[in-house]
Amino acid sequence: QVQLVESGGGLVQAGGSLRLSCAASGIIFRLYGMAWYRQAPGKQRELVAIITSGRSTNYADSVKGRFTISRDNAKNTVYLEMNSLKPEDTAVYYCNVPVGSYEYWGQGTQVTVSS
């Protein structure tokens with residue numbers, strides 16, 4: 001079965017950096033686009049960044065220029081490098097992969113940015 005396991009969240013001061021990782025299993029990783037979403041308290045889950053199997057990327061306007069998504073197909077892992085973090089980036093961050101008509105999600109990792 002498909003499993004996604006996120007790690008790397010934590011508490012950081014505004015202006016700081018974090019790198020999130022998502023290790024995937026149960027899929028031929030290199031064939032799939034991967035995505036990071038986030039959900040802040042009281043808000044809907046929103047798309048943060050996407051990376052295709054061909055390594056094309058796209059970002060939410062709110063994170064462009066600060067966040068970078070990348071992938072290591074040898075390690076079946078997708079990363080989210082987050083710089084210049086702001087308090088409004090505080091959220092649970094989720095890894096996502098669509099496989100056919102089904103969406104798989106990780107358990108999420110908490111990112112808290114203090115002002």
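Since this is a predicted model, take the numbers as computed values, not measurements.
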Validation row: Phe29, Met34 side chains within 4.5 angstrom (heavy atoms): yes
Can you confirm whether or not the ring centre of Phe67 sits under 6.0 Å from the ring centre of Trp36? no
If you look only at pairs with a residue in residues 43-52, which of them pass as a salt bridge (charged side-chain N to carboxylate O under 4.0 Å, His left out), with sequence neighbours excluded? Arg38-Glu46
CG of Leu47 to OH of Tyr37: how many Å apart, nearest 0.5 Å? 4.5 Å
Take Leu20 and Met82, measure what side chain to side chain contact (heavy atoms under 4.5 Å, CB included) needs, and give me the verdict at the end. CA-CA 8 Å; Leu20 305 183; Met82 305 185 294; 3.7 Å; yes
What is the minimum heavy-atom distance between Val97 and Gly33, and which atoms define it? CG2-O, 3.5 Å
Taking side chain as C-beta onward, heavy atoms only, is Thr77 less than 4.5 Å from Ser21? yes
Side-chain polar contacts of residues 108-115 - donor-acceptor pairs under 3.5 angstrom, sequence neighbours left out - could you list them?
{"from": "Thr109", "atom 1": "OG1", "to": "Gly9", "atom 2": "N", "distance (Å)": "3.1"}
{"from": "Gln110", "atom 1": "NE2", "to": "Ala91", "atom 2": "O", "distance (Å)": "3.4"}
{"from": "Gln110", "atom 1": "NE2", "to": "Thr112", "atom 2": "OG1", "distance (Å)": "3.3"}

Is there a path of hydrophobic side-chain contacts, each under 4.5 Å between heavy atoms of I, L, V, M, F, W or Y residues, that connects Val48 with Tyr32? yes
What pairs of residues pass the salt bridge (charged side-chain N to carboxylate O under 4.0 Å, His left out) test when at least one of them lies in residues 68-87, not counting sequence neighbours? none
For the pair Val78 and Cys22, evaluate side chain to side chain contact (heavy atoms under 4.5 Å, CB included) and give the outcome as yes or no after the intermediate values. CA-CA 5 Å; Val78 61; Cys22 171; 3.5 Å; yes
Tell me, please, which residues at least two apart from Ala49 pass side-chain contact (heavy atoms from CB on, under 4.5 Å). Tyr59, Ile69, Leu80
What pair of heavy atoms forms the shortest contact from Val2 to Ile27, and how long is it? CG2-CG2, 3.4 Å
Let me confirm one number: the CG-CD1 distance from Asn73 to Ile28, rounded to the nearest 0.5 Å. 11.5 Å
Grab the two heavy atoms, one from Pro87 and one from Ala14, that are nearest each other, plus how far apart they are. CD-CB, 4.1 Å
Taking the side chain as every heavy atom from C-beta outward, state whether Trp105 and Leu4 have any pair of such atoms under 4.5 Å apart. no
Under a 4.5 Å side-chain heavy-atom rule over Ile, Leu, Val, Met, Phe, Trp and Tyr, are Tyr102 and Tyr94 clustered together? no
Taking salt bridge (charged side-chain N to carboxylate O under 4.0 Å, His left out) as the definition, give me every residue that meets it alongside Arg66, ordered by chain and number, with sequence neighbours left out. Asp89
Do any pairs count as a salt bridge (charged side-chain N to carboxylate O under 4.0 Å, His left out) and have a residue in residues 6-31, sequence neighbours left out, and if so which ones? none
At what distance, to the nearest 0.5 angstrom, does CD1 of Ile51 lie from CG of Asn58? 11.5 Å
